[in-house]
Amino acid sequence: MRGTDGNEPSLLARPDRNGAPAHASVDPRQALRWGARQHDRWLERWIRSTEDLARLQYSHRMLDAVIDEIDGRQIRVGDQWLTDYASCNYLGLDLDQEIIEAVPEYLRRWGTHPSWSRLLGSPILYEQIEDKLTALLGCEDTLLLPTITHIHMSVIPVLAGGGTVFLDSRAHKTIYDGCALAQARGAAVQRFAHESLDHLEALLRDSSWRRPGMICIDGVNSMTGNAPDLAAFAALAREYDVILYVDDAHGFGVIGERSPDEPCDYGIRGNSIVRHAAESYENVVLVGGFSKAYSSLLAFIACPTALKQVLKTAAPPYLYSGPSPVASLATVLEGLQVNDLRGDQLRSKLHHLTHRVLDRLRELGLQTPNHSGFPIIEVPLADPDSVDEVGSMLFDRGIYVTMAVYPLVPRDEVGFRLQLTAANTDEQVDHLCVVLGEVAERFKLQRAAGE
Ligand SMILES: Cc1ncc(COP(=O)(O)O)c(C=O)c1O
């Protein structure tokens, strides 16, 4: 295969969706040599670390798949109908009739797209969302930007300044990228072992680091489904007077404040990890998004009003990036209303379905990193080389998952990730439980301790 310069593989080439992948012969090592020839060590390292992903991209039907049609939580890829366990639509609001029917009225009033950057003109819908969100989170203020990636890339460098970022080694890639930019602008970055409060404290105790300081961590982890000990991290942040910056992309909408009346241990209202841990926002900056539980393109930062005002000019996307489409602002506003009225019911169903899958894994004696009960369940393989075949079997049996290959997970956790949503049904989970048994019979999966 020739690339655009006539000699090299195009890194942008995609497989042909009809029949065998047109570029199945693309060899990630070829791309690696291309990267190396650019004398770009960063690119070389990155391409090498994504080699497994690149190989599967060209060989596997569950990576880079084109979805032809959906019917509830069923999706069609080519001729195959599958149940989707790979989307992050945790509350199932993407399929909620009440929300779908409300959108056209917003489009009639606002057109399809605002097309002002926020600093140049913010439709009042933004203010309405910020007010409701601030009340829901119980924080001082919130600022909306299109995506969490925009927020990490723009806000982390501002908060880090010329100081020090203490970064959880397993933080999301988009946090890493925000930290890399902060580093390029003069901040120092020190990594600590995943969720290790001891390691973090040892770094904080060393008085040689430059202030200001910030700690960057994930809330509910996108692969393990577990949450960090937020209260302990917040306590350290306060003790050493640094900011705790938390990305709760997967917790917002799913977990919330605890209540004696809660229908399940996800808590109520879905107001994210800070409230779930009964913490205050002192020294804490919370980042979250609507693109998962609320099925809408929008993200937020919960912070003091004074910081919000600074970010309006200091964080480039507020001035330089295009806005979220009106349909997304509409689905957020309507979604917040649905959350008020029946969010806890949806979370209760999500909890029920998730626990059915976790119970089934337990019954099969299988290991999963998930010990939280939140709706992200990774199933690691004993033999990582079988990931392709396991994925093929799941696909043939009508189960659509995320292939959890390196670097999405560490090499000893390679496997597949299941995500439940409130729009899945008990019948779908019945079938999933049967297929999990078949997979466990045919392949070596990691066994739970004591099995
Ligand atoms: C933990 C985490 N942070 C950030 C993102 C990126 O979010 P966005 O699409 O809003 O940029 C994701 C997306 O999957 C995520 O899982």
Side-chain angles (χ1 to χ4, degrees), residues 50 53 63-64 84-91 93-94 118 129 133 142-157 165 167-182 194-195 215-228 230 233 244-255 270 272-274 276 285-302 315-318 320-325 328-329 331-332 335 369-370 372 374-378 401-405 407-409 413 417-421:
T50 55
L53 209 48
L63 267 182
D64 215 12
D84 179 15
Y85 295 103
S87 100
C88 301
N89 292 300
Y90 299 116
L91 295 179
L93 300 185
D94 56 319
R118 285 210 60 194
I129 295 169
L133 180 62
T142 50
L143 177 70
L144 298 172
L145 288 171
T147 68
I148 296 179
T149 305
H150 277 98
I151 292 176
H152 292 335
M153 297 301 288
S154 58
V155 175
I156 293 176
V165 184
L167 170 63
D168 185 302
S169 62
R170 213 172 153 173
H172 194 261
K173 170 80 172 91
T174 52
I175 299 185
Y176 261 83
D177 286 349
C179 291
L181 191 54
H194 179 49
E195 288 187 0
I215 303 165
C216 288
I217 60 172
D218 283 345
V220 173
N221 185 280
S222 61
M223 298 310 288
T224 66
N226 298 325
L230 194 93
F233 275 101
L244 176 63
Y245 181 94
V246 189
D247 172 352
D248 199 27
H250 293 268
F252 174 64
V254 175
I255 60 172
S272 197
I273 189 167
V274 176
H276 189 69
V285 167
L286 174 72
V287 173
F290 291 91
S291 73
K292 304 199 186 303
Y294 282 76
S295 311
S296 310
L297 186 87
L298 194 65
F300 67 83
I301 171 163
Y318 198 83
Y320 293 100
S321 295
S324 295
S328 270
L329 302 175
T331 51
V332 168
N370 180 314
S372 62
F374 301 152
I376 300 171
I377 305 174
E378 216 250 306
V401 301
T402 302
M403 305 302 292
V405 295
L408 296 179
V409 291
E413 271 178 36
R417 176 184 73 171
L418 299 159
Q419 284 158 293
L420 280 298
T421 77

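Remember, it's 1-based here, ligands and their atoms both numbered in the order they're listed. As the structure is a prediction and not an experimental result, all values here were calculated from the model.
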Inset, instruction - Please list, chain by chain and in numerical order, all residues satisfying side chain to side chain donor-acceptor pair (under 3.5 Å) with Thr149, sequence neighbours excluded. - result: none
Legend entry - Arg417 side chain to Ser222 backbone, donor-acceptor under 3.5 Å: yes
Legend entry - Identity and separation of the nearest protein heavy atom to atom 9 (O) of ligand 1: Ser291 OG, 4.2 Å
Legend entry - Nearest neighbour in protein (non-hydrogen) for atom 3 (N) of ligand 1: Asp247 OD2, 2.5 Å
Legend entry - Protein contact to atom 10 (O) of ligand 1 [nearest heavy atom, distance to 0.1 Å]: Ile148 N, 2.8 Å
Inset, instruction - If you have a sec, work out which protein heavy atom is nearest atom 15 (C) of ligand 1 and how many Å separate them, to one decimal? - result: His172 NE2, 3.1 Å
Inset, instruction - Could you tell me whether some N/O pair between Thr149 and ligand 1 is separated by less than 3.5 angstrom? - result: yes
Legend entry - ligand 1-proximal atoms of Thr147, by part, heavy-atom distance under 4.0 Å: both
Legend entry - Nearest neighbour in protein (non-hydrogen) for atom 14 (O) of ligand 1: Lys292 NZ, 2.8 Å
Legend entry - Those residues that, when tested against Asp84, pass side chain to side chain contact (heavy atoms under 4.5 Å, CB included) (two or more places apart): Arg73, Ile75, Ala86, Ser87, Tyr400
Legend entry - Side-chain heavy-atom pair Thr147, Ser321 within 4.5 angstrom cut-off: no
Legend entry - ligand 1 to Ala249 polar contact by distance, N or O atoms, under 3.5 Å: no
Legend entry - Atoms in ligand 1 with a heavy atom of Thr174 nearer than 4.0 Å: 3 (N), 4 (C)
Inset, instruction - Hey, could you give me the CD1/CG distance between Ile301 and Leu145, rounded to the nearest 0.5 Å? - result: 8.0 Å
Inset, instruction - Look at the aromatic rings of Tyr294 and Phe252 and report parallel, tilted or perpendicular, splitting at 30° and 60°. - result: parallel
Inset, instruction - Assess the side chains of Tyr176 and His152: does a donor N or O sit below 3.5 Å from an acceptor N or O? - result: no
Inset, instruction - State, without any angle test, whether Thr421 and Asn89 hold a side-chain donor-acceptor pair at a distance under 3.5 Å. - result: no
Legend entry - His150 touching ligand 1 at heavy-atom level, < 4.0 angstrom: no
Inset, instruction - Output the list of atoms in ligand 1 that are nearer than 4.0 Å to some heavy atom of Ser222, sorted by atom number. - result: 16 (O)
Legend entry - Any N or O of His250 closer than 3.5 Å to N or O of ligand 1: yes
